[in-house]
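Nothing fancy with the numbering, it's 1 onward along the sequence. Whatever order the structure lists ligands and atoms in, that order sets their numbers, starting from 1.
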Amino acid sequence: MCMLEYSFTWHGKDRACLAAQAPAIGTLRPCPDQSVDWDATQNLFIEGDNLEVLKLLQKPYHKRVKMIYIDPPYNTGNEFVYPDDIAHADWLNMMYPRLKLARNLLRDDGVIFISIDDHEFANLRKLCDEVYGEESFCGVFIWEKKKKPSFLNVNMGSVTEYIVCFAKNRAKSPPFAAGSVKDGKKYPFNNAGNGIQTLTFPAGVVRFNCGDQVVVAQDMSEGNIRTELLDDAEIVNGRNAGAFRLRGEWRYSQRKLDEFVEQGAEIVISKVPFRPNYVNRRGEVKKTSNLLSYRTNGVPTNEDATQEIRDLFGADVMSYPKPSGLMKYLVRAVTTDDDIVMDFFAGSGSTAHGVLLQNGEDGCNRRYVLVQLPQPLNRDEAQSRPAFEFCQAHGLRPTIAEIGKERIRRVAKKIQSEQGQEAAGLDLGFRVFMLDSGNVGPLSQ
Ligand SMILES: C[S@@+](CC[C@H](N)C(=O)[O-])C[C@H]1O[C@@H](n2cnc3c(N)ncnc32)[C@H](O)[C@@H]1O
């Protein structure tokens with residue numbers, strides 16, 4: 001067995017480990033008055049320190065989340081007022097328990113994406129190797145975050161940052177799709193010349209494209225294609241309500257068919273006479289490259305994100321937000337159906353924005369869970385003054401969490417006005433919960 005030859009440690013690691021294990025002391029208070037569509041929505045916005053909130057979510061969200069995206073403070077020197085080496089340790093102490101708790105929430109096929117720049121890239125990689133396991137490392141996206149470099153770095157101007165990806169279990173993780181997933185190549189079951197055998201299709205496994213009906217047992221052979229339906233097949237909601245048997249010359253054995261069923265593979269029959277096809281969906285996913293760029297795959301930049309916020313709010317209420325297009329790209333890459341997407345450093349809510357845009361595009365019903373500290377906005381700081389003034393003008397408490405909630409409300413209205421009736425099926429609401437705890441503070445452990 002291969003053993004790690006070194007261990008990754010830093011000042012305070014043991015305490016950080018204990019911080020993850022300490023029981024939750026807070027409670028989540030429902031805030032229907034701040035929510036949208038409280039009764040029907042499945043989306044969540046939780047205001048509070050994410051360490052405590054992650055603890056409270058351990059039971060209700062255990063192994064339920066398909067994708068976690070986080071954009072934590074990068075430790076650029078502004079967040080921690082310590083000498084550099086201690087600042088690194090502090091950052092690790094902040095991240096370690098959160099990453100540990102987050103892992104428990106991921107489904108077996110779940111993945112976590114973490115945005116980071118050069119300051120903590122190496123540490124983050126080592127930290128995730130420890131928490132998720134080196135074998136769970138999926139890769140690193142390079143995001144071209146701006147068109148023109150700033151030359152603050154002594155040696156070179158930087159236009160990129162990273163998104164580090166780890167899986168809960170790499171063997172079960174999805175391929176990261178680029179663009180929409182099309183129905184894949186079809187492989188017919190019928191194979192003239194093979195010996196005659198009988199296949200049993202269990203209830204619900206076949207998708208029918210020929211309308212709901214009862215197809216009575218009959219000989220469906222034509223020319224050299226031999227197929228006999230041995231049982232009546234009742235089609236309800238496009239699926240076979242009960243098991244049915246087909247006798248014929250087949251490409252696949254019963255064992256292979258059972259394997260398809262176990263893997264959740266798509267088996268399709270489009271007409272009477274029945275000619276079943278196996279559709280290879282996984283094989284058709286075009287995998288993304290690890291370069292996310294406005295040049296190659298249309299992923300927007302930081303400048304676009306700033307403009308997006310300006311368009312929504314009429315002011316620069318968030319510094320360095322992520323563009324919704326980047327979030328949408330990641331959401332589309334690994335989620336579908338009613339998957340849960342979580343972001344526990346939510347900021348202005350760009351992850352929720354990406355989820356809503358992608359649902360609007362493909363009609364899926366993904367839900368989001370956002371967590372954001374009610375971090376106070378300071379009117380005396382140039383960066384947060386526009387947000388402070390916005391909150392004051394709109395009767396909101398001056399916190400980043402208020403900006404996040406307001407963004408989702410505004411995005412929902414925009415989608416409604418742009419898509420009209422088509423937006424009717426979208427879940428544009430969200431439930432707000434507030435963490436009640438004596439121990440809340442920025443970056444508290
Ligand atoms: C880099 S920003 C995220 C920006 C976000 N991706 C966006 O597009 O707006 C990090 C956010 O994490 C929040 N944060 C920091 N520590 C936190 C904590 N302990 N719990 C919850 N949120 C926290 C900060 O308030 C900040 O808004």
Side-chain angles (χ1 to χ4, degrees), residues 16 19-20 26 28 44-57 68-76 78-80 90-91 93-99 101-102 113-117 119-120 124 143 145 161-163 300-310 312-313 316-331 341-355 357 368-378 381 383-384 387 397-408 410-411 433-435 437 439-445:
L28 294 179
L44 280 187
F45 190 106
I46 306 173
E47 226 177 289
D49 176 18
N50 51 18
L51 181 60
E52 195 62 16
V53 174
L54 283 168
K55 286 181 186 176
L56 291 168
L57 297 183
I68 296 178
Y69 168 82
I70 52 170
D71 181 15
Y74 288 178
N75 207 6
T76 51
N78 303 326
E79 300 96 341
F80 298 93
D90 247 29
W91 188 85
N93 287 332
M94 186 274 289
M95 291 299 287
Y96 186 49
R98 290 167 170 85
L99 288 175
L101 291 167
F113 296 125
I114 308 165
S115 275
I116 203 72
D117 71 1
H119 289 86
E120 297 295 349
L124 177 69
W143 172 47
K145 67 175 176 180
E161 62 180 51
Y162 314 106
I163 300 170
T301 61
N302 248 328
E303 291 119 343
D304 298 321
T306 301
Q307 188 57 48
E308 188 171 32
I309 290 286
R310 215 171 272 163
L312 278 170
F313 287 87
D316 293 346
V317 297
M318 183 77 194
S319 31
Y320 305 114
K322 290 293 181 283
S324 62
L326 169 65
M327 306 320 304
K328 178 169 173 267
Y329 192 94
L330 297 176
V331 164
V341 177
M342 178 181 258
D343 180 347
F344 52 87
F345 286 98
S348 65
S350 45
T351 299
H353 194 163
V355 167
L357 290 179
Y368 61 79
V369 177
L370 300 192
V371 185
Q372 171 59 36
L373 199 65
Q375 187 168 333
L377 295 162
N378 188 346
E381 268 174 23
Q383 275 196 343
S384 57
R397 281 174 301 131
T399 69
I400 298 184
E402 291 297 324
I403 296 291
K405 286 179 284 184
E406 185 58 21
R407 182 201 189 144
I408 317 174
R410 288 177 178 234
V411 166
F433 285 84
M434 200 80 69
L435 175 68
S437 153
N439 194 19
V440 180
L443 312 177
S444 53
Q445 287 157 36

Answer yes or no: is there a side-chain heavy-atom contact under 4.5 Å between [X] and [Y]?
{"X": "Ile46", "Y": "Leu56", "value": "no"}
{"X": "Val355", "Y": "Met327", "value": "no"}
{"X": "Leu28", "Y": "Leu435", "value": "yes"}

>> Heavy-atom contact check, 4.0 Å cutoff: does Ala346 meet ligand 1?
In response: yes

> Heavy atom of Gly48 under 4.0 Å from ligand 1?
Replying inline: yes

Please list, in number order, the atoms of ligand 1 under 4.0 Å from a heavy atom of [X].
{"X": "Gln375", "answer": "24 (C), 25 (O)"}
{"X": "Ser348", "answer": "7 (C), 8 (O), 9 (O)"}
{"X": "Arg98", "answer": "19 (N)"}
{"X": "Ile400", "answer": "25 (O), 27 (O)"}
{"X": "Asp49", "answer": "18 (C), 19 (N), 20 (N)"}
{"X": "Ser350", "answer": "6 (N), 7 (C), 8 (O)"}

>> Going by side-chain contact (heavy atoms from CB on, under 4.5 Å), name the residues that satisfy it together with Ser348, two or more places apart in sequence or in a different chain.
In response: Ile309, Met318, Pro321, Ile403, Arg407

> For Asp117, what residues pass the side-chain contact (heavy atoms from CB on, under 4.5 Å) criterion, not counting sequence neighbours?
Replying inline: Tyr74, Thr76, His119, Glu161

> With only distance considered, is Leu373 within less than 3.5 Å of ligand 1 through an N or O on each side?
Replying inline: yes

>> Using a 3.5 Å cut-off on N or O atoms only, is Tyr69 in polar contact with ligand 1?
In response: no

> Under 4.0 Å between a Lys/Arg side-chain N and an Asp/Glu carboxylate O for Asp49 and Arg98?
Replying inline: yes

